[in-house]
> 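Have a look at this one before I ask anything.
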Amino acid sequence: MAEINASIGFDRALWRQDIRGSLAHARMLSAQGIITPDDEAAIRAGLADIAGEIEAGRFDFDPGLEDIHMNIEARLSERIGEPGKRLHTARSRNDQVATDFRLWVRDAIDAIDARLVSLMRALSTRAMEFHATPMPGFTHLQVAQPVTFGHHLLAYVEMLARDRGRLSDARARLNECPLGSAALAGTSFPIDRHATAQALGFDRPTANSLDSVSDRDFALEYLSALSILGIHLSRFAEEIVIWCSGPYGFVTLSDAFTTGSSIMPQKRNPDAAELVRAKIGRIAGHLIGLMTVMKGLPLAYAKDMQEDKEPVFAATDAAMLSIAATDGMVRDLAPNVERLRLFAGSGFATATDLADWLVRVLKMPFRNAHHVTGKLVAMAEARGCDLSGLSLADMQSVEPAITDDVFSVLTVEASLASRTSHGGTAPSNVARAAQLWIDRLGED
Ligand code: ARG
């Protein structure tokens, strides 16, 4: 029983939040005349001492006392006697743990957000540096059209910005205080829930005592946002792995973010990227785990909910580490500009530019232009050259109206420069977008 029941092994991580909650509760009890100011002063001093003990690693966590709430309260009574035993008036561990856990998740969101800002700054700065550097853009992992390296990096800035938005939405929704809901039904004491909510930085007290102690949707929402973030980081990590592989050779990571092989002396493995790619397995796994714990639970509190903390703690650790490692890799990686340029023009990557030229200059319907371009690509493929390697006579054998002007759109640089539509990859667009992000992130 002791082994399955005790949560102190992991919920000690809530000690700061538990003490904050108790301080707010004690002050409110005293303000409402439920305990005396002397009791409150004793509680305040006792909790400060306990915080010092825990911080110094001198606190003796006792599994026999189940959880962090009982451990701190028992120690408080041991230190200050009767006032310590009055602290739990008009509260239950059910509203206490719900409050502590919301505070913890709120702090975690703030910590994740700060790391995301740093990563987005790194991406935006590198995007500015490479705003005009051509690289192949892919669909189906086949060379599609040239883009710039900066444009590719900024795609992730947009994704991470939405991740921040999701976390901030989750934060706004969780920012209601369950304290004072007591076990499930509220309390007969004349408590002031607005005062404790305000003291703890919540926007308001929760509205329904049953809901307050029995739902963990704030944790699920947080894990969902982390999972989507984890998916973004995992996709980027996968690209770094691909880009670093010899046959691609698009980017190089320094020794700081790679490891050697114990048998193959030439190896430089992108382990950090591979581990970021993998961490999403844990994060999404913990989301599914907690959803499965919560489904079908009758109201109100059930001990099942004690299983809410480890998944949230572990997913937070994985996300924090993944963001930091990605941040490091972004600052470290060196794009191999010549190779990126070479492949940007490979695979008939400017075929769309040719088709667009036929539409724009010869007023050909796009479907016909697509067909003509297809024939020219087949001809170039047969000759083993790219589109700009065909002669004007070759071109005219397929479409007599083609003129010399067509060659001006077949270079990678011309293709890039022409993509000036809103959100397109033209270097001028990319520089503007990168600057916008650098300015915006600077303000945070
Ligand atoms: N350790 C418990 C948890 O994390 C605290 C709440 C326990 N409440 C109770 N009535 N047993 O859920």
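First listed ligand is number 1; within each ligand, the first listed atom is number 1. Counting from 1, the numbers follow the sequence of the chain as shown.
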> Using a distance-only test with no angle check, is there a side-chain donor-acceptor pair under 3.5 angstrom linking His232 and Arg235?
no
> Please list the nearest protein heavy atom to atom 9 (C) of ligand 1 with its residue and the distance rounded to 0.1 Å.
Asn94 OD1, 3.4 Å
> In terms of atom number and element, which parts of ligand 1 are under 4.0 angstrom from non-hydrogen atoms of Asp67?
1 (N), 2 (C), 5 (C)
> Name the one of Phe138, Trp243, Phe130 that satisfies ring pair (Phe, Tyr, Trp, His ring centres under 6.0 Å) with His152?
Trp243
> Taking atom types as modelled, find out whether Glu176 and Thr206 have a side-chain donor-acceptor pair closer than 3.5 angstrom.
no
> Which of the numbered atoms in ligand 1 are below 4.0 angstrom from a heavy atom of Ser7?
1 (N)
> Please state which protein non-hydrogen atom is closest to atom 11 (N) of ligand 1 and give its distance, to 0.1 Å?
Arg93 NH2, 3.4 Å
> List ligand 1 atoms under 4.0 Å from Gln306, heavy atoms only on the residue side.
1 (N), 2 (C), 3 (C), 4 (O), 12 (O)
> Does Lys85 come within less than 4.0 Å of Glu78, counting only side-chain N to carboxylate O?
no
> If we count only N and O atoms by modelled type, under 3.5 Å, do the side chains of Arg331 and Ser118 hold a donor and an acceptor together?
yes
> Heavy-atom distances under 4.0 Å are what count here, so tell me which part of Lys309 touches ligand 1: side chain, backbone, both or neither.
side chain
> Is a side-chain donor-acceptor pair under 3.5 Å present for Thr258 with Asn269?
no
> Starting from atom 3 (C) of ligand 1, find the nearest protein heavy-atom neighbour and note its residue, name and distance.
Tyr301 OH, 3.3 Å
